Amino acid sequence: MTYRSGRHFLQIPGPSNVPDRILRAMDQPTMDHRGPEFAELGKTVLYGMKRIFKTENPVIIYPGSGTGAWEAALVNTLSAGDRVLMCETGQFATLWHGMANKLGLETELIEGDWRHGADADAIGRRLSEDAGHEIKAVCVVHHETSTGVTSDIAAVRRAIDSTGHPALLLVDTISGLGSVDFRTDEWGVDVAITCSQKGLMMPPGLGFNAVSAKALEASKTAGLPRSYWGWDEMLQHNAKGYFPYSPATNMLYGLKEAIVMLLEEGLDNVFARHARFSEATRRAVRAWGLEVVSLVPSEHSNVLTAVLMPEGESADRLREVILEHFDMSLGTGLNKLQDRVFRIGHLGDFNDLTLLGTLAGVEMGLACAGVPHNKGGVQAAIDYLAESAVAVRTEERAA
Ligand SMILES: *Cc1c(COP(=O)(O)O)cnc(C)c1O
């Protein structure tokens, strides 16, 4: 490989770009995780993550990936043969469903077309038929990273409540948390699941469960085998700021900085920033004459935009051309969207000019790869960003 000058554009929807402040925070000697200094760090990040999850209840931090945090949510709350209701929103929902089957749960899948969020009414209908309360949990992916479609978790909660059904609500907000509003307590989420490499702007390596009192109660009788993922020992140690086994200490240094950065900017500003980027991106896609995967405007993702290729054109070939010529990585189409879709990540440590560089890379790539499209996508994004930047500043002055 020859040297490539300038910064690589990592515009996949996670891992997202790790900001320098976080890299520097991690670049410190690893400390004794049983020593007195560690407890301070442990307490700081455990408390800080409650603010990010918007919960008063415990948050658990594993050295692990998002997949591990999925497993933790299931094995701590359920028993072999328990029935769980899941929603096929895309590839991540499909993988979580596969995991539940492997763990010995009886899964029921509400099928979907990979272009819509979870259907709260369908969940409500299914629960109201379940008079014997055989369904023990409803599992929903808040933010489906394979399609760029968001599910309305508050609506799912209302649907569950309207039936009076006692099922737990387990939610994967792996690519939503820290980029899109998520209210663990207000929405009555029993286990909220995330990991470090998306909105939290960290490298991969940490998995999280935010655990309600009801989920904790369920864990006392849940029968699935667990050891590494067990909440009980974790919570005992966490109470004093420690962990039962070696934590990912340097990742926790980074997490502490990530939390400071998100709160310094203000969560509402972070969410508004992401909303603005996604609108600008969709305007570019429309100007190119291409189509986004997400069909319902209120469900459009603020984290990424999945774009459908024109019939007969290869998304993977386009991504290859863009990587080769412009040193930018875009997300691949997953499973049945393979080669049909490319995904533009616009999350995390990201600003107007990073977005415009990203969109310029896509527009140049479309031209280089000979994909039929209209020019002017970047211009459409510039127009929107410029006009909305003026609006944002004026509001700030007025405040
Ligand atoms: C990234 C992602 C996962 C998987 O996380 P890993 O850290 O790769 O295990 C699961 N669900 C969603 C929605 C994701 O975006």
Side-chain angles (χ1 to χ4, degrees), residues 10-18 49 53 60-75 84 86-100 102-103 109 112 114-118 138-153 156 169-182 184 189 191-210 228-229 248 251 254-255 258 274 278 293-294 299-306 329-335 337 341-348:
L10 182 68
Q11 298 322 138
I12 60 177
S16 63
N17 292 288
V18 182
M49 282 308 295
F53 272 110
I60 283 169
I61 307 177
Y62 297 105
S65 72
T67 304
W70 270 347
E71 180 160 337
L74 297 174
V75 297
V84 295
M86 305 182 102
C87 302
E88 187 201 5
T89 46
Q91 172 66 358
F92 289 100
T94 301
L95 289 172
W96 198 15
H97 174 246
M99 170 187 276
K102 285 185 211 161
L103 290 171
L109 189 65
W114 292 41
R115 301 193 75 173
H116 292 86
V138 175
C139 300
V140 181
V141 175
H142 167 226
H143 192 276
E144 180 51 80
T145 323
S146 61
T147 60
V149 179
T150 311
S151 288
D152 184 345
I153 302 303
V156 172
L169 175 58
L170 314 185
V171 178
D172 167 344
T173 182
I174 287 181
S175 61
L177 195 81
S179 304
V180 184
D181 195 13
F182 192 83
T184 304
V189 176
V191 188
I193 300 155
T194 200
C195 65
S196 50
Q197 73 270 28
K198 316 232 168 152
L200 296 176
M201 306 176 286
M202 303 261 302
L206 296 177
F208 302 80
N209 281 177
Y228 181 83
W229 302 118
M251 291 287 289
L255 180 62
H274 283 80
S278 77
V293 172
S294 173
E299 294 179 343
H300 289 335
S301 158
N302 289 344
V303 168
L304 75 127
T305 302
S329 297
L330 295 173
T332 182
L334 296 169
N335 194 329
L337 300 179
V341 157
F342 66 93
R343 294 174 300 145
I344 305 170
H346 33 77
L347 72 155

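Please read all numbers here as calculations on a predicted model, not as lab measurements. Just follow the structure's listing: the first ligand is 1, and inside any ligand the first atom is 1.
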- Message: Heavy-atom contacts with ligand 1 below 4.0 Å: which residues, ordered by chain and residue number?
- Response: Ser65, Gly66, Thr67, Trp70, Phe92, Val141, His143, Thr145, Asp172, Ile174, Ser175, Cys195, Gln197, Lys198
- In terms of the angle between their ring planes, are Phe53 and Phe182 parallel, tilted or perpendicular, with boundaries placed at 30° and 60°? perpendicular
- Item | Side-chain donor or acceptor of Asn335 paired with backbone N/O of Gln91 under 3.5 Å | no
- Output for pair (Phe342 CZ, Ile12 CD1), nearest 0.5 Å, gives 15.0 Å
- Task: Indicate whether the side chain of Thr150 and that of His300 have a donor and an acceptor atom separated by less than 3.5 Å.
- Result: no
- Parallel, tilted or perpendicular: which fits the ring planes of Trp229 and Tyr62, with parallel below 30° and perpendicular above 60°? perpendicular
- Item | Donor on one side chain, acceptor on other, Thr89 and Glu144, under 3.5 Å | yes
